[in-house]
4 protein chains.
Amino acid sequence: MSVADRREREREQRRNQILDAAKHIFAKKGLSLATMNDVATHAQLGKGTLYLYFKNKEELLMGVVVGLQSSMLARFDEVLGGDQNGCEQLRALLRAYAEHMNEPPHAFKLAVSRWLTGEPFDGELENSAAMQSNIARLFTTVCGAIERGQADGSLRPDLPSTDAALKLWTAVNGTLLFRLQRQCLPPDSPLSSFSGKASEAIDFILEAMKPRLATGAKT
Amino acid sequence: MSVADRREREREQRRNQILDAAKHIFAKKGLSLATMNDVATHAQLGKGTLYLYFKNKEELLMGVVVGLQSSMLARFDEVLGGDQNGCEQLRALLRAYAEHMNEPPHAFKLAVSRWLTGEPFDGELENSAAMQSNIARLFTTVCGAIERGQADGSLRPDLPSTDAALKLWTAVNGTLLFRLQRQCLPPDSPLSSFSGKASEAIDFILEAMKPRLATGAKT
Amino acid sequence: MSVADRREREREQRRNQILDAAKHIFAKKGLSLATMNDVATHAQLGKGTLYLYFKNKEELLMGVVVGLQSSMLARFDEVLGGDQNGCEQLRALLRAYAEHMNEPPHAFKLAVSRWLTGEPFDGELENSAAMQSNIARLFTTVCGAIERGQADGSLRPDLPSTDAALKLWTAVNGTLLFRLQRQCLPPDSPLSSFSGKASEAIDFILEAMKPRLATGAKT
Amino acid sequence: MSVADRREREREQRRNQILDAAKHIFAKKGLSLATMNDVATHAQLGKGTLYLYFKNKEELLMGVVVGLQSSMLARFDEVLGGDQNGCEQLRALLRAYAEHMNEPPHAFKLAVSRWLTGEPFDGELENSAAMQSNIARLFTTVCGAIERGQADGSLRPDLPSTDAALKLWTAVNGTLLFRLQRQCLPPDSPLSSFSGKASEAIDFILEAMKPRLATGAKT
DNA sequence: AATGAATGAGCCTTCATTCAT
DNA sequence: GATGAATGAAGGCTCATTCAT
């Protein structure tokens, strides 16, 4: 199978080459300002080649998003394999999420861009379906960590895990969004002085989710 | 001056007519998929008419955003005029923000759309400058409420007001963003079952910002 | 008739007001870059008012051209009324032509602009017909001066007057055209150093049209 | 390298195909009335294709002009390679100029069109720079012929060569301009009866530039 | 009579996508 | 498989002209 194997490997390489270029370009110029030509040029490939690997621009975007999710899920698995308590695992998961989404080039942009049209994802696209199931999996993983934390006492047990997960998830996204917003403001805006670090938001909320010391064990 | 007055009034009406149509279309199709023609058609006006009121598409967008901010600021003033304590004012402000941003057609989209390109706002556009100063004013108002709350004891005094404001602000935005995301997911996604109500996120975080009962004040 | 008279006079004033503005704007921005709005604004009139006096942009242009021709013809009449010999009259006529065509704002542009489309002038327009007959009259006047010069011995008699007139006419136009060309060249172009004065060209050609002294055929 | 070669050749062909169409259309309708769509249709190409070869309308015009200049310069070189005296070379150069500028479709129009706006040429366009240097070269060549004529006795030595060149140049342009003007006049205009041949104007002026027979040298 | 708001045809230009090589 | 020339739909914007006031 060596020939077929090589073929397969080369095809995979090309695909990744394109995805990397797309990630870079989409994130840099924004989804609708990025052109297929930009991507092809940056990937050092012909424009037509892109269409051998992706049906259209939308599917290419989905491919990028799925790629990001995959590496994120891989990192999630690492975290889950560790021996931290639930709270710490949760913190680590969220940080991994924030990092993957926000590392330049800002992957977060890609995801958000797509949400803005309000059109449901095209279920016919392979990557689109993969992307949706990945979202569910990411969310479920976070919920799992919360439940673990509640079981091992590192997190308040009174919050439904999905509610808690959602709060954390949205808080992180809000922080990431702020960083995009900040870029559009002039340097002298009062909002420009904030770091908007996701880790701070995570820590703050996690703090609120820790069990209240049975205060007032009070005599 | 009835003639000049009527002219002025009519002009204002047209402008609002266009802004309403633009708000609707921009929010429905997303900033870059919305065309000036769409807006004109929805406003039941000729394409050229839009350009009598707005220099270009960008300024039209800014006009919409400024309009939203203005009504939000008006609501803010109402809140500030009330006699609630700082914490309650803060909650009311944030709810007003969430409501204004999220009422269909989703105004939030507009703001976010513009952030995605990463281009700084064109300072030459009148509305653009107005928009930036409004952002600052909105943020400052929230900070003010926090400080009031810290002064009257309804909020923990140990958080810098700007940090706290930023946390609340980003949390609300994250929630709003989630609602956009949810629309792109199929109805059977696990995330679709969440309400994603901004008020819940606000309440949760405010709770974390309330003064800890002077635990152990007890002797 | 004082009322009707005043009406008539005012109407004439308005018309001239518009023509002046049009002359200025057309010459400054070029025919196709000049907008009706530009003209109206410069005339301190409403845009619609222009259409009360001129059927459309084309007729307005024709009106301007006819106006220029009229003042040129008036000047021609002055020259013809003088007591110069034919050659001197001819020189004076050509100079008057060059000056009228080239005085800033460059009227010459207007005439040339219109020639470029290659479309015959719209015979239905009143001004268009007037313009054409004026051209003929201008040309005829020049021919007349040549014939006078040939009769009074100040010009060579061997050139058909129409041929001679055409040569002078085109030479002057060529000079005027050169001045337009020069404006488009960078200051360091070798052509930029020339004055391109029409009077020099006129003098040179007139010199060639003077009778050759029966040079020393005589002993 | 037959493949690369063929590509190159085809590209050149397409470019010329477009230039031909553009020359035709620009000359027929005038610069500002001609649309890119007109050009594309006449070239039997898609509209977008034009932009693969020319950055924009302006550069396309420049391309046409440069093409005309190039063939004119080639003809100039032929003339200069001959063994005529200076006066005859000069006559041949001017005739070549007139022919190239005036052959239908009238190239002259193109050049003139551009001069009318009074905007300096966009130095950033490649073809624009080429065009300017070609103008200088054309002019210099004419000057050179004059100087040769003055040296070999076929032309009067008392005229500065640049002055003489300018007079000839403008006279030819004036003639060409007249032909454009004539097209706009009705067939019954008195001016319509003239041939307006450039060669006649050239001959006339050259005659005036020939040395005066050493009149009366004769005893 | 004068106005200027409204119109929409039409322009230049871009870019996702196709297809012959 | 890889390419990039070609395409044409579509977009933002302008402006001559009309018409209700």
Side-chain angles (χ1 to χ4, degrees), chain A residues 7 10-11 14 18 32-41 43-60, chain B residues 3 6-7 10-11 13-15 18 32-41 43-60, chain C residues 7 10-11 14 18 32-41 43-60, chain D residues 3 6-7 10-11 13-15 18 32-41 43-60:
Chain A
R7 282 274 168 79
E10 284 178 359
R11 185 170 170 86
R14 275 268 190 278
I18 294 171
S32 53
L33 266 58
T35 74
M36 292 301 266
N37 207 9
D38 288 335
V39 175
T41 301
Q44 289 176 295
L45 288 171
K47 210 182 334 181
T49 310
L50 268 52
Y51 287 86
L52 297 177
Y53 293 84
F54 299 92
K55 187 180 166 190
N56 53 29
K57 199 181 176 185
E58 170 85 3
E59 171 112 26
L60 177 54
Chain B
V3 170
R6 184 163 42 75
R7 279 276 167 82
E10 282 178 0
R11 185 170 171 83
Q13 280 178 5
R14 271 273 187 274
R15 208 186 121 95
I18 294 171
S32 53
L33 266 57
T35 74
M36 291 301 268
N37 213 0
D38 289 335
V39 175
T41 302
Q44 287 177 295
L45 289 171
K47 203 183 347 179
T49 308
L50 304 192
Y51 289 88
L52 296 178
Y53 294 84
F54 299 92
K55 187 180 167 190
N56 54 31
K57 197 182 175 183
E58 171 84 1
E59 173 110 26
L60 176 54
Chain C
R7 281 274 168 79
E10 282 179 0
R11 185 170 170 84
R14 274 272 191 275
I18 293 171
S32 53
L33 266 58
T35 72
M36 293 299 268
N37 206 9
D38 288 336
V39 175
T41 301
Q44 289 176 294
L45 288 172
K47 208 181 336 180
T49 309
L50 268 53
Y51 287 86
L52 296 178
Y53 292 85
F54 299 91
K55 188 180 164 189
N56 54 29
K57 198 181 175 183
E58 171 84 1
E59 172 111 27
L60 177 54
Chain D
V3 170
R6 183 164 41 76
R7 279 276 168 81
E10 283 178 359
R11 185 171 171 83
Q13 281 178 4
R14 269 273 187 276
R15 207 186 122 94
I18 294 171
S32 53
L33 266 57
T35 73
M36 292 301 267
N37 212 2
D38 288 334
V39 176
T41 302
Q44 288 177 294
L45 289 172
K47 205 180 344 177
T49 309
L50 303 192
Y51 289 87
L52 296 179
Y53 294 85
F54 299 93
K55 188 180 164 190
N56 54 30
K57 197 183 177 183
E58 172 85 1
E59 173 110 27
L60 177 53

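Residue numbers begin at 1 in each chain, while the letters A, B, ... track the order of the sequences.
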Among the nucleotides E:dT7, E:dA2, E:dT13, which one has an atom lying closest to any side-chain atom of D:Lys57?
->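 Output: E:dT13.
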
Heavy-atom pair of closest approach, residues C:Ile18 and C:Val39 =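 In this case the closest contact between C:Ile18 and C:Val39 is O-CG1, 4.2 Å.
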
Minimal non-hydrogen separation, A:Met36 against A:Asn56, with atom names |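 Shortest heavy-atom contact: CE-C, 4.4 Å.
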
Listed partners of B:Glu58 passing salt bridge (charged side-chain N to carboxylate O under 4.0 Å, His left out), at least two apart = B:Arg114

In this structure, how many angstroms lie between the [atom2] atom of [N] and the [atom1] atom of [X], rounded?
X: C:Gln44; N: E:dG4; atom1: CD; atom2: P; result: 12 Å
X: B:Tyr51; N: E:dG8; atom1: OH; atom2: P; result: 16 Å
X: B:Arg6; N: E:dG4; atom1: CZ; atom2: C1'; result: 13 Å

Partner residues of C:Leu33 under the side chain to side chain contact (heavy atoms under 4.5 Å, CB included) criterion, sequence neighbours left out | C:Lys29

Could you tell me whether [X] contacts a base, only the sugar-phosphate backbone, or nothing, with contacts defined as non-hydrogen atoms closer than 4.0 Å?
X: A:Arg11; result: nothing
X: D:Phe54; result: nothing
X: B:Leu45; result: sugar-phosphate

B:Lys47 side chain N/O closer than 4.0 Å to the phosphate oxygens (OP1, OP2) of E:dG8?
-> no

Near-strand residues of residues 32-41 of chain A, defined as heavy-atom separation under 4.0 angstrom from DNA chain E |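 Only A:Ala34, A:Thr35, A:Met36 qualify.
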
Mapping A:Gly48 and C:Gly46 onto DNA chain E by nearest heavy atom, which one lands closer to the 5' end?
-> C:Gly46

In a table with atom names and distances, give each donor-acceptor pair under 3.5 Å that connects a side chain of residues 44-54 of chain B to protein atoms at least two apart or in another chain.
{"from": "B:Thr49", "atom 1": "OG1", "to": "B:Gly46", "atom 2": "O", "distance (Å)": "3.4"}

Test side-chain hydrogen bond (donor to acceptor under 3.5 Å, both in side chains) applied to D:Thr35 - qualifying residues, sequence neighbours left out =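 Partners of D:Thr35 by the side-chain hydrogen bond (donor to acceptor under 3.5 Å, both in side chains) criterion, ordered by chain and then number, come out as D:Asp38.
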
Return the 5'-most residue of the pair A:Leu50, D:Thr49 with respect to DNA chain F, ranking by each residue's nearest nucleotide.
-> A:Leu50

Contact interval (first through last nucleotide) of DNA chain F with protein chain D, 4.0 Å heavy-atom = F:dA5 to F:dA10

Secondary structure string for DNA chain F (Watson-Crick or G-U under 3.5 angstrom, | for other-strand pairs) | .||||||||||||||||||||

D:Glu10 with D:Arg6: basic N within carboxylate O range, under 4.0 Å =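 So D:Glu10 pairs with D:Arg6 through a salt bridge.
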
